[in-house]
There are 2 protein chains.
Amino acid sequence: MTSARERPTLEEVARRAGVSRATVSRVVNGSTTVAPPIQEAVRRAVRELGYVPNLAARTLVTQRTDSIALVLPETATRVFSDDPLFPGIVRGVSQELEAADRQLVLMMAGSAASHDRIERYAMGRHVDGVMFASMHGMDPLPGALARIGMPAVCSGRPLGRPAVPYVDIDHVAGVASAVRHLLDAGRQRIATIAGPQDMVAGIERLAGYREALRDSHRRSIVAVGDFTRESGAIAMRHLLDDDPKLDAVFVASDLMADGALRTLREVGRRVPADVAVIGFDDAEFARYTDPPLTTVRQPIIEIGREMVRLLLRLAEGEPVEEALILPTHLVVRDSG
Amino acid sequence: MTSARERPTLEEVARRAGVSRATVSRVVNGSTTVAPPIQEAVRRAVRELGYVPNLAARTLVTQRTDSIALVLPETATRVFSDDPLFPGIVRGVSQELEAADRQLVLMMAGSAASHDRIERYAMGRHVDGVMFASMHGMDPLPGALARIGMPAVCSGRPLGRPAVPYVDIDHVAGVASAVRHLLDAGRQRIATIAGPQDMVAGIERLAGYREALRDSHRRSIVAVGDFTRESGAIAMRHLLDDDPKLDAVFVASDLMADGALRTLREVGRRVPADVAVIGFDDAEFARYTDPPLTTVRQPIIEIGREMVRLLLRLAEGEPVEEALILPTHLVVRDSG
DNA sequence: CGCGTTTGTGAGAGCGCTCCCACGGTCGGG
DNA sequence: CCCGACCGTGGGAGCGCTCTCACAAACGCG
């Protein structure tokens with residue numbers, strides 16, 4: 001309520017409450033070793049003065065910043081600018097961080113320059129920890145940070161032997177449920193549109209498809225996209241060229257599935273009558289495609305939240321599991 | 001390259017370079033009053049030690065944090081979880097902030113509690129400025145911050161008399177271009193699906209529609225949605241009930257336009273043969289609807305960038321214009 | 001009733017940085 | 001050739017906080 005230009009300091013609160021700076025600090029930081037009447041007096045002074053702690057000063061001595069960085073590859077928002085994963089992760093992360101009273105510093109990793117910038121920033125200990133979302137390939141940054149003692153976690157298992165803890169979903173089981181659903185519906189020729197093979201999600205979902213098909217002694221029919229709608233549309237054409245008789249396709253992302261749907265419409269195949277389509281992600285728009293898309297839902301918000309929990313525990317020095325694998329489940333709509 | 005647990009301080013760099021702390025500070029901060037050979041020596045010491053300035057210490061004395069908050073209403077990512085605006089704004093903001101070597105602190109404004117939290121955070125001067133994106137109604141926060149001297153800007157003209165500078169697009173002109181296009185194509189009965197009337201974008205686009213129609217002496221046919229796909233689908237039904245003969249509809253957002261397209265398909269109207277549809281935003285997915293959506297493009301990335309520029313100038317104490325209105329343009333595809 | 005122990009509070013140092021001011025050296029003008 | 005102006009550098013204070021340590025007061029025990 002005070003409109004004083006100058007912010008009050010601990011000193012002033014102390015003077016007003018008639019105690020020492022140390023005591024005010026104790027009250028502000030929730031120490032219980034302060035006598036109740038004094039606590040009350042301090043709290044009143046804080047309220048009256050509109051005191052807000054100076055985080056910079058606190059950070060200087062505690063060496064903690066109470067803020068956490070979330071690093072996103074710029075492609076996550078450029079190429080996939082309507083990718084549902086990005087907002088979902090951010091929301092989950094925000095929620096959990098808010099609960100823990102930490103700040104979120106968002107960093108886009110586009111160029112090599114920004115890569116460097118992030119490294120310097122983290123190395124400079126300007127944050128207490130770093131989260132990486134859906135990085136491509138085997139980025140050395142998470143490992144490098146972990147090595148210098150900066151807490152780091154990833155969403156999506158890092159390629160290579162994981163240098164940092166991560167949270168991911170059970171891609172293989174998710175795909176298996178989709179393929180099983182197709183099989184149960186009596187589909188004979190089940191193709192797949194896979195994601196990029198330099199991303200774990202792309203690799204694992206393809207592996208899951210292969211595995212599931214092998215169990216049913218069927219031939220695999222594969223085309224590879226890059227998780228964009230456009231690539232899904234193109235891949236669908238290739239698939240149709242390869243096997244005009246295919247009657248189902250598991251697509252590794254909803255965005256690509258939407259593209260596939262478009263191609264199918266264009267070439268006059270009915271969905272699901274002629275070809276069943278199942279996507280992956282359960283993006284918001286999946287309920288609104290034509291026909292509404294059957295898809296494997298991944299708990300994207302939860303992934304964000306778990307990343308934060310993992311990171312916070314890591315930062316506390318607690319022991320953490322190396323990986324946290326979240327379940328998926330099939331959302332059956334009309335496309336397959 | 002050093003893997004020393006302890007980060008080097010200015011002091012150590014100074015010792016290594018054989019100069020004083022003050023001189024190192026000057027070099028690090030780019031002061032030109034240091035003799036070239038000394039500059040070089042300092043820079044070498046910085047490099048060898050892997051020195052990174054401690055931002056907290058710097059902030060403590062300079063009172064600048066070099067970071068900027070971006071506040072997003074949680075609805076922007078919940079209800080509109082595939083709203084193209086959110087990632088777009090974030091990208092634009094990130095790009096510009098990176099260029100200015102500032103950090104982005106992202107804050108979701110969901111509950112009243114978080115509202116309070118944001119206020120305290122900003123009031124505590126933990127950031128140098130605050131940007132608000134697509135806030136609902138007449139949020140008092142921007143004005144409150146401005147009043148206590150915290151630089152603040154909005155995207156989208158705030159309702160009421162604007163308390164802070166803002167960047168927005170020319171909604172009316174954008175809508176006018178859409179309606180004119182419809183008129184030029186010979187459409188007779190042009191309806192609209194408006195956005196929520198507690199958001200400027202909703203209000204202005206409806207006003208633009210009314211204005212454009214009035215000029216052509218046509219009757220307006222209005223239904224109101226809330227910018228979601230679902231509401232667009234429902235609104236389209238209402239419109240069809242109100243005037244079964246309508247042959248065009250201007251929809252205030254692409255998401256709602258997508259919903260409208262679905263309804264039209266369901267009731268058997270062909271687009272654009274029977275009914276032309278024009279959206280607003282030019283979301284990524286607009287190119288992939290069936291048929292591809294004609295829409296009014298708004299430069300969303302640019303809006304983010306301009307917000308940052310405006311805010312930075314405000315923070316420098318430079319005079320800034322009260323509003324920055326960016327142009328839109330019609331992207332003609334197949335739907336209208 | 002005096003002792004040690006516990007409990008609550010205050011004094012003071014110091015986190016790493018910037019910036020003001022003082023100081024020594026170099027230069028130009030009278 | 002001496003003195004004032006000027007430029008580059010170092011010394012030192014202090015930003016607002018936490019935390020260790022010392023200390024005073026209150027307690028329980030023999």
Step through the shown structure and confirm whether more than 12 heavy atoms of other residues, nucleotides or ligands are within 6.0 Å of CD on B:Glu318. yes
Going by an N to O cut-off under 4.0 Å, is there a salt bridge joining B:Glu306 and B:Arg309? yes
Between C:dG8 (C1') and A:Ile38 (CD1): distance, integer Å: 8 Å
Looking across every strand, which nucleic acid part, if any, lies under 4.0 Å from B:Ala35 by heavy atom: base, sugar-phosphate, or nothing? sugar-phosphate
For B:Arg21, does its backbone N or O pair with a side-chain atom of B:Ser25 as donor and acceptor, under 3.5 Å? no
Whole angstrom value for the distance that separates C1' of C:dC17 from CG of B:Asp66: 13 Å
Please determine whether a side-chain nitrogen of the Lys or Arg among B:Arg157 and B:Glu322 lies less than 4.0 Å from a carboxylate oxygen of the Asp or Glu. no
Per atom distances to the B:Val61 side chain, the nearest of C:dG14, C:dT18, C:dG8 is C:dT18
Pick the nucleotide of DNA chain D nearest each of A:Thr62 and B:Val34; which residue has the one closer to the 5' end? B:Val34
Minimum-distance nucleotide to B:Arg26 side chain [options: C:dG10, C:dT18, C:dC20]: C:dC20
Rounded to whole angstroms, how far apart are CZ on A:Arg15 and P on C:dG10? 14 Å
Tell me whether A:Ser67 contacts the main-chain N or O of A:Leu104 through its side chain, where contact means a donor paired with an acceptor under 3.5 Å. no
Show, in sequence, the C-alpha distance, side-chain angles and deciding distance for B:Arg305 and B:Gln95, and conclude whether the side chain to side chain donor-acceptor pair (under 3.5 Å) test is met. CA-CA 7 Å; B:Arg305 307 189 71 140; B:Gln95 289 175 3; 2.7 Å; yes
Check DNA chain C against residues 51-59 of chain B and give the residues with a non-hydrogen atom under 4.0 Å, in numerical order. B:Tyr51, B:Pro53, B:Asn54, B:Ala57, B:Arg58
Closer than 3.5 angstrom, by distance alone: can the side chain of B:Arg7 be matched with the main-chain N or O of B:Val52 as a donor-acceptor pair? yes
Under 4.0 Å from a heavy atom of chain A: give me the 5'-most and 3'-most nucleotides of DNA chain D that qualify. D:dG16 to D:dC19
Can a donor-acceptor pair be found, under 3.5 Å and without considering hydrogens, that links the side chain of A:Asp128 to the backbone of A:Asp66? yes
